[in-house]
Amino acid sequence: QVQLVESGGGLVQAGGSLRLSCAASGRAFSNYAMAWFRQAPGKEREFVAAISWSATNTYADSVKGRFTISKDNAKNTMYLTMNSLKPEDTAVYYCAARSGPLGRAVVLTTPASYNYWGQGTQVTVSS
């Protein structure tokens, strides 16, 4: 089984930055496809960013150029660096993982593609 634990959320002013972390258990972390999703109150969970096991990545248009997804296989940790934050980025952020076998450049952008989820971390951006 894979356990995912997010951290790094908090309250920040518009224009500020945060870095979220997602620590994963499991021996095959380097082979996981992973992603960040977010869910605001009253809204559906939406895709933010995804990374393949070979570090190919993709982003939602709403965060492109502001957010960066990365992973450190030695630390079994994925990150989301968020810059130029906006009030509309306020949400609970979830990390997700999908175990293999997967192609090296496969990035998955739908919640149904993932079989492991973290508990979420709150990000609040004040105007």
Side-chain angles (χ1 to χ4, degrees):
Q1 291 296 322
V2 176
Q3 289 188 323
L4 304 175
V5 179
E6 302 99 333
S7 61
L11 173 64
V12 64
Q13 289 188 332
S17 299
L18 283 175
R19 189 177 80 158
L20 305 182
S21 299
C22 174
S25 65
R27 292 177 294 177
F29 177 83
S30 61
N31 294 334
Y32 298 160
M34 301 190 72
W36 291 96
F37 291 82
R38 67 187 180 186
Q39 189 166 19
K43 295 188 177 181
E44 293 188 353
R45 191 166 298 190
E46 68 171 357
F47 169 72
V48 175
I51 189 166
S52 74
W53 66 259
S54 68
T56 299
N57 54 56
T58 191
Y59 298 90
D61 287 344
S62 59
V63 307
K64 202 171 294 184
R66 300 188 298 122
F67 290 11
T68 302
I69 190 170
S70 61
K71 57 187 297 201
D72 185 334
N73 290 335
K75 295 182 178 180
N76 278 18
T77 302
M78 176 180 67
Y79 303 98
L80 185 69
T81 302
M82 306 184 293
N83 297 318
S84 303
L85 282 161
K86 305 175 181 180
E88 51 264 43
D89 295 318
T90 295
V92 177
Y93 283 70
Y94 298 90
C95 69
R98 163 75 179 269
S99 54
L102 295 167
R104 61 180 289 109
V106 170
V107 287
L108 305 169
T109 62
T110 61
S113 299
Y114 292 91
N115 47 1
Y116 299 106
W117 291 86
Q119 82 289 349
T121 186
Q122 175 71 47
V123 172
T124 303
V125 184
S126 63
S127 58

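Not measured: the values here are computed from a predicted model.
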All heavy atoms of Thr90 vs all of Ala40, minimum pair found to be O-CB, 3.8 Å
Given side chain to side chain contact (heavy atoms under 4.5 Å, CB included), test Cys22 with Val5 step by step and report yes or no. CA-CA 5 Å; Cys22 174; Val5 179; over 6 Å; no
Would you give the length of the straight line joining atom OG of Ser21 to atom CG of Leu4, rounded to the nearest 0.5 angstrom? 12.5 Å
Minimal heavy-atom distance between Ser113 and Thr110, with the atoms involved, is OG-OG1, 2.7 Å
Val2 and Tyr93: same hydrophobic cluster, using ILVMFWY side-chain contacts below 4.5 Å? yes
Between Gln122 and Thr124, is there a side-chain donor-acceptor contact under 3.5 Å, judged purely by atom types and distance? yes
Using modelled atom types only, decide if a donor and an acceptor are shared between the side chain of Glu6 and the backbone of Gly120 within a distance under 3.5 Å. yes
Looking at every heavy atom in both Leu108 and Ala33, which two are closest together, and how far apart are they? CD1-CB, 4.2 Å
When clusters are formed by joining ILVMFWY residues with side-chain heavy atoms under 4.5 Å apart, either directly or through shared neighbours, do Val12 and Leu20 land in the same one? yes
Would Arg45 count as a cation-pi partner of Tyr94, with NZ or CZ less than 6.0 Å from the six-membered ring centre and within 45° of the ring normal? yes
Counting only heavy atoms not in Lys43, do more than 12 sit closer than 6.0 Å to its NZ atom? no
Evaluation steps, side chain to side chain contact (heavy atoms under 4.5 Å, CB included), between Val107 and Asn57: CA-CA 7 Å; Val107 287; Asn57 54 56; 5.5 Å; no
Between Thr77 and Phe29, the two heavy atoms sitting closest are N-CZ, 3.4 Å
Is there a side chain to side chain contact (heavy atoms under 4.5 Å, CB included) between Gln13 and Val125? Walk through the geometry before answering. CA-CA 5 Å; Gln13 289 188 332; Val125 184; over 6 Å; no
Scan residues 36-84 for pairs that pass ring-ring contact (aromatic ring centres under 6.0 Å, His included), counting only residues two or more places apart or in two chains. Phe37-Phe47, Phe37-Tyr114, Phe37-Trp117
Pairwise distance CZ(Arg66) to NZ(Lys86) - rounded to 0.5 angstrom: 4.5 Å
Exercise: identify the closest heavy-atom pair between Pro87 and Ser127: CG-CB, 3.8 Å
Around Gln3, counting heavy atoms of other residues, nucleotides and ligands shown, do more than 12 lie under 6.0 Å from its CD? no
Is there a side-chain contact between Leu85 and Leu18, using heavy atoms and a 4.5 Å cut-off? yes
One should read off an interatomic distance between Leu80 CG and Arg19 CZ, to the nearest 0.5 angstrom, of 10.5 Å
Distance col, row Arg38:CZ vs Glu44:CD, nearest 0.5 angstrom, shows 14.0 Å
Enter the distance from Met34:CE to Cys95:SG here, rounded to the nearest 0.5 Å. 5.5 Å
Begin from the C-alpha positions of Asp89 and Met82 and carry the test side chain to side chain contact (heavy atoms under 4.5 Å, CB included) through to its verdict. CA-CA 10 Å; Asp89 295 318; Met82 306 184 293; over 6 Å; no
OG1-CZ distance between Thr56 and Arg104, expressed to the nearest 0.5 angstrom: 7.0 Å
Throw together a table of side-chain donor-acceptor distances under 3.5 angstrom for residues 68-75, partners on residues two or more places apart or in other chains.
residue, atom, partner, partner atom, Å
Lys71, NZ, Tyr32, O, 3.4
Asp72, OD1, Ala74, N, 3.0
Asp72, OD1, Lys75, N, 3.3

